[in-house]
Amino acid sequence: MKKILVLIAFIIAISACKNPDKKEVSEELLTTKNSNLAVYKGEFIYVADAAVLKGKDFIYGVEVNEKMHELAEKVAPVKNDDFDMVPVVVTGLLNDKEEGVEGWDKILTIVEIIQVSPKPSKADVKIENKTAKAKK
């Protein structure tokens with residue numbers, strides 16, 4: 001009987017422990033005026049009337065609207081070139097794309113811009129322009 005009580009106490013003690021290092025979004029980010037909306041953290045890019053938010057396990061098209069243009073303006077000074085992706089945190093609404101329309105399966109409508117990184121993401125693949133190199 002003592003072994004069962006010790007085992008139960010051990011399980012309760014272990015389950016009561018919290019690991020604060022595993023937070024994806026800081027506490028201040030959860031207390032926004034739109035805290036009832038989902039928070040999306042990923043890399044944002046906007047080129048030629050198309051915007052994308054790429055996270056660890058998702059890629060969403062972003063609805064081109066006033067809020068997206070506001071985010072693009074905040075991201076522009078951070079980018080080194082047109083194809084840099086910048087880490088951002090936003091709240092928004094996720095919807096399926098309309099039937100018969102080209103693009104990503106899921107479309108994110110940004111409601112609030114929470115955070116924009118002060119530097120762009122490191123590129124996974126660096127693409128160089130060979131004709132520009134040859135002219136040097």
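Values reported hereafter were calculated over all heavy atoms of this structure, with side chains retained and with hydrogens, waters and symmetry mates removed. The residues of the chain are indexed from 1 along the displayed sequence.
Hydrophobic clustering of Ile, Leu, Val, Met, Phe, Trp and Tyr side chains at less than 4.5 Å, counting indirect connections, keeps Val75 apart from Ile59. Under the 4.5 Å side-chain heavy-atom criterion for Ile, Leu, Val, Met, Phe, Trp and Tyr, Val78 and Ile110 are members of the same hydrophobic cluster. Put simply, Trp104 and Tyr40 are part of two different groups of oily side chains (I, L, V, M, F, W, Y) that touch within less than 4.5 Å, one to the next. By the rule that hydrophobic residues join a cluster once side-chain heavy atoms approach within less than 4.5 Å of another member, Met85 and Tyr46 end up as members of separate clusters. Cluster membership for Tyr60 and Val64, using ILVMFWY side-chain heavy atoms within less than 4.5 angstrom, is shared.
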Candidate pair Leu37 and Leu93, rule side-chain contact (heavy atoms from CB on, under 4.5 Å), full reasoning: CA-CA 7 Å; Leu37 297 173; Leu93 301 169; 3.4 Å; yes
Stepwise side-chain contact (heavy atoms from CB on, under 4.5 Å) check, Leu108 with Glu63: CA-CA 6 Å; Leu108 177 65; Glu63 180 180 339; over 6 Å; no
Stepwise side-chain contact (heavy atoms from CB on, under 4.5 Å) test for Ile107 and Leu94: CA-CA 6 Å; Ile107 305 296; Leu94 191 63; over 6 Å; no
Stepwise side-chain contact (heavy atoms from CB on, under 4.5 Å) test for Phe44 and Val88: CA-CA 7 Å; Phe44 176 78; Val88 298; 3.8 Å; yes
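The two residues Ile45 and Phe83 have their closest heavy-atom pair at CD1-O, 3.6 Å. Taking each heavy atom of Val62 and Met68 in turn, the nearest pair found is CG1-CG, 3.6 Å. Counting all heavy atoms, side chain and backbone alike, Pro87 lies closest to Pro120 at CD-C, 4.2 Å. Contact between Lys41 and Val89 at its shortest, heavy atoms only, is CG-CG2, 3.9 Å.
The list of salt bridge (charged side-chain N to carboxylate O under 4.0 Å, His left out) pairs with a residue in residues 84-99, not counting sequence neighbours, reads Asp96-Lys106.
Lys74 contributes atom NZ, which lies 11.0 Å from atom CD of Gln115 (distance to the nearest 0.5 angstrom). Here the CD-CD1 distance, from Glu112 to Ile114, works out to 5.5 Å after rounding to the nearest 0.5 Å. With rounding to the nearest 0.5 angstrom, the NZ atom of Lys67 is 8.5 Å from the OG1 atom of Thr91.
By the 4.5 Å heavy-atom criterion applied to side chains, Asn95 and Thr109 are counted as neighbours.
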